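One structure below.
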Amino acid sequence: MASVQTKTKPESGVLPDEKTILEFKESLRGELIQRSDKGYDEARKVYNAMIDRRPGLIARCADVADVITAVNFGRENNLLVSVRGGGHNAGGLGVCDNGLVIDLSRINYTRVDPAARTVRVGGGCTWNDADHATHAFGLATPGGTISTTGIGGLSLGGGVGHLTRKYGLTIDNILAVDMVLADGSFVTASDHENEDLFWAIRGGGGNFGIVTSFLFRAHPVHTDYAGPMLWELEDAPEVMKWYREYITTAPEEISGFFAFLNVPPAPGFPEHLHGKTMCGIIWCYAGDLDKAEEIFAPIRSFKKPALDLVGPMPHIALQTAFDALYPPGHQWYWKADFINELSDEAIVLHVKYGSALPSPQSTTHFYPINGAAHRVGNSDTPWAYRDATWAHVIVGVDPDPANNDQLINWAREYWDAVHPYSAGGAYINFIMEEGEDRIKATYRDNYERLAKIKSKYDPTNFFRVNQNIKPQTE
Ligand SMILES: Cc1cc2nc3c(=O)[nH]c(=O)nc-3n(C[C@H](O)[C@H](O)[C@H](O)COP(=O)(O)OP(=O)(O)OC[C@H]3O[C@@H](n4cnc5c(N)ncnc54)[C@H](O)[C@@H]3O)c2cc1C
């Protein structure tokens, strides 16, 4: 069987005695879940069923006070600690073996300020929590494309989605965060408070502390002109060549990620296409609706799609459109790269592997990260690939673990073939655990600055179940 790295580092300590654990449990307003508890197996599950870890304790925190208590308990008892937001991370970085999981899922409040066009969300919110809250005010913050994803992990790693070209990455829309640091202290970081920390959390992941609250900028977005447009596989080279030109010059109101996919047997998709491998673009135009038909006219006329489901839809409907296709509990294997340019040679390889998806839900996506995201410099935030055009991801997905070899082998072979045509690093949230060199390649010249800030805020590398940036002193 192809091996996959699902284990974190060995635990840094054994669990303390029962009395100490009981005192900890009683000091929490939320729950402490132990191995002997009925809900333990459910509580330790993460979105990717390929990950199977058995923490010693799971502290499901109800508020900031609980987070402070849990951090102090973990540190004082020398436990390996992982922090769980939405539990979606590809490599399962929200859960650890033997140590303590600090689970933020109960910290899921939202508060929209429609006048200031901001939304404050708890550190354990999913994107659905935020979208639901902002949509009522005709607002949205750029997030991801599946609404069950956690805001915590997605936002701290970058955040790529339908609104990236118009309003930037999610990190470009963070105004402030509240955090609990490794020593248990509570701080706020913004552009005028703890500025070094504020820089680091906008792409540096969960390395610097636990974000208990995000304050985001929100934008006027209510009804998009959006949906999938699909073409036959034999048209894929032509569509990809057209797309690579179009998306680099298109108005910023429009975004569209290119994909190879199998048509799902879902309402809206004609039965004769169910299960068929096709190529497509999932569009989102978030501009003036009166101009939508005009904007889409050249897209529709360049090559008539085999299926065109693009039309007006509430932004929240787009944000949740693919949730049912990807429920939690499937096996997922991820590989990724940033891409500057799609050469003719690379297109041949993408068509080859994109036409040979190993299971019905396996897919590959090219997310455009230009437009507004390009107007921020490579060192303005830790996200060091502002000059790249796409965040490319390859995902092997299937409910049945018996098919894991197929998923893993396909993804690895595909990635091996196309990696030489990539920009070098990869979006940190689209990779599993690939080691320090890959993390360094991704942060490029920003790595050293991140390591210095890590030394200041987390000198013992207490927060290390993440795409780890080692303190410079380590
Ligand atoms: C189906 C699916 C679709 C996706 N689509 C997109 C997409 O469209 N765009 C995109 O950008 N990404 C996307 N992703 C990737 C996603 O950004 C990452 O999986 C991300 O890590 C998920 O965050 P989480 O909070 O759910 O994960 P978790 O597994 O809970 O955590 C991931 C990491 O973040 C840390 N973390 C989480 N919350 C906090 C917090 N509040 N404070 C400090 N550290 C924290 C954890 O410690 C861990 O290291 C998708 C993932 C999946 C599974």
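Since this is a predicted model, take the numbers as computed values, not measurements.
The ring-ring contact (aromatic ring centres under 6.0 Å, His included) test with His350 singles out one residue from Phe258, Phe366, Tyr243, and that residue is Phe366. Tested against Glu252, the residues Lys166, Arg165, Arg375 include a single salt bridge (Lys or Arg N to Asp or Glu O under 4.0 Å) partner, Arg375. Each of Asn403, Asn48, Asn404, Asp400 was compared with Gln331 under the side chain to side chain donor-acceptor pair (under 3.5 Å) criterion, and only Asn404 meets it. A ring-ring contact (aromatic ring centres under 6.0 Å, His included) with His392 holds for exactly one of Trp415, Tyr385, Tyr414, Trp334; it is Tyr414.
Considering all non-hydrogen atoms of both residues, Pro382 and Gly203 come closest at CB-C, 4.1 Å. Closest approach of Asn370 to Thr248, counting heavy atoms only: ND2-CA, 3.7 Å. The two atoms that bring Ile369 and Thr164 nearest to each other are CA-CG2, 4.1 Å, heavy atoms only. When all heavy atoms of Asp224 and Val221 are compared, the closest pair comes out as OD1-CG1, 3.6 Å. Across Val310 and Pro228, no two heavy atoms sit closer than the pair CG2-O, 3.7 Å. Listed here is the closest heavy atom pair of Pro399 and Pro401: O-CD, 3.4 Å.
Applying the salt bridge (charged side-chain N to carboxylate O under 4.0 Å, His left out) test to residues at least two apart or on different chains, the pairs with a partner in residues 269-281 are Glu232-Lys276. Counting only residues at least two apart or on different chains, the side-chain hydrogen bond (donor to acceptor under 3.5 Å, both in side chains) pairs with a member in residues 80-90 are His88-Thr148, His88-Thr149. For the side-chain hydrogen bond (donor to acceptor under 3.5 Å, both in side chains) condition, the pairs that include at least one residue of residues 254-268, sequence neighbours left out, are Asn262-Thr277.
Between Phe296 and Asp308, the closest side-chain pair of non-hydrogen atoms is not below 4.5 Å. Annotation: side chain of Tyr225 is not in contact with side chain of Ile295 (no heavy-atom distance under 4.5 Å). A heavy-atom distance below 4.5 Å is found between the side chains of Leu80 and Arg464. Looking at Met179 and Phe208, their side chains come closer than 4.5 Å, going by heavy atoms from C-beta outward. Residues Asn207 and Asn468 have side chains in contact (heavy-atom distance under 4.5 Å, counting atoms from C-beta outward). You'll find the side chain of Thr363 stays beyond 4.5 Å of the side chain of Val397, heavy atoms only. Looking at Arg217 and Tyr167, their side chains never come closer than 4.5 Å, going by heavy atoms from C-beta outward. You'll find the side chain of Ile439 reaches within 4.5 Å of the side chain of Tyr447, heavy atoms only.
Taking Asp387 as the reference, Arg444 meet the salt bridge (Lys or Arg N to Asp or Glu O under 4.0 Å) condition, with sequence neighbours excluded. With sequence neighbours left out, Phe216 forms a ring-ring contact (aromatic ring centres under 6.0 Å, His included) with Trp127, Phe214. Annotation: salt bridge (Lys or Arg N to Asp or Glu O under 4.0 Å) contacts of Asp196 (sequence neighbours excluded): Lys456. The salt bridge (Lys or Arg N to Asp or Glu O under 4.0 Å) search around Lys45 returns Glu42, not counting sequence neighbours. Every residue two or more places apart in sequence or in another chain was checked for a side chain to side chain contact (heavy atoms under 4.5 Å, CB included) with Glu341, and none qualifies. For Pro114, the side chain to side chain contact (heavy atoms under 4.5 Å, CB included) criterion is met by Val112, Phe137, not counting sequence neighbours. Judged as a side chain to side chain contact (heavy atoms under 4.5 Å, CB included), and not counting sequence neighbours, the contacts of Val376 are Asp172, Asp380, Thr381, Arg386. Residues satisfying the salt bridge (Lys or Arg N to Asp or Glu O under 4.0 Å) criterion with Arg117, sequence neighbours excluded, are absent altogether. With sequence neighbours excluded, the residues forming a side chain to side chain contact (heavy atoms under 4.5 Å, CB included) with Ser359 are Ser362, Asp398, Leu407, listed by chain and number.
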For His315 and Leu163: C-alpha separation, side-chain torsions, deciding distance, then whether side-chain contact (heavy atoms from CB on, under 4.5 Å) applies. CA-CA 10 Å; His315 185 67; Leu163 300 177; 3.8 Å; yes
Derivation of the side chain to side chain donor-acceptor pair (under 3.5 Å) call for Lys470 and Asn461: CA-CA 7 Å; Lys470 295 204 167 51; Asn461 206 4; over 6 Å; no
Would you please test Ile339 and Tyr421 for side-chain contact (heavy atoms from CB on, under 4.5 Å) and show each step? CA-CA 7 Å; Ile339 299 175; Tyr421 300 91; over 6 Å; no
Between Leu261 and Leu230, does a side-chain contact (heavy atoms from CB on, under 4.5 Å) hold up when you go through it step by step? CA-CA 9 Å; Leu261 49 84; Leu230 304 183; 4.1 Å; yes
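Here the OG1-NE2 distance, from Thr134 to His219, works out to 10.5 Å after rounding to the nearest 0.5 Å. Here the CE-NZ distance, from Met229 to Lys304, works out to 10.0 Å after rounding to the nearest 0.5 Å. To the nearest 0.5 Å, atoms CD1 (Ile51) and CZ (Arg53) are separated by 5.0 Å. In this structure, the separation between CD1 on Ile201 and CG on Leu450 is 11.5 Å, given to the nearest 0.5 Å. Note that the CG atom of Leu154 and the CG atom of Leu169 stand 10.0 Å from one another [nearest 0.5 Å]. The structure places CG of Leu197 at 7.5 Å from CD1 of Ile453, a figure rounded to the nearest 0.5 Å.
Inspection of the Ser105 and Asp103 side chains reveals an N or O donor paired with an N or O acceptor under 3.5 Å. Side-chain contact annotation: Asp129 with Thr126, donor-acceptor N/O pair under 3.5 Å present. Looking only at atom types and distance, the side chain of Ser147 has a donor-acceptor partner in the side chain of Asp323 under 3.5 Å away.
Arg300 and Glu293 are joined by a salt bridge, as a carboxylate oxygen and a charged side-chain nitrogen come within less than 4.0 angstrom of each other. Between Arg244 and Asp344 there is a salt bridge, with a side-chain nitrogen of the basic residue lying less than 4.0 Å from a carboxylate oxygen of the acidic one.
Ring geometry for Phe257 versus Phe322: interplanar angle over 60°, hence perpendicular rather than tilted (30 to 60°).
In this structure, Tyr326 has its ring center closer than 6.0 angstrom to the ring center of Trp332. Annotation: His222 is in aromatic contact with His135 [ring centroid separation under 6.0 Å]. Trp383 and Tyr427 have their aromatic ring centers within a separation under 6.0 angstrom. For Tyr246 and Phe302, the ring centers are positioned 6.0 Å apart or more.
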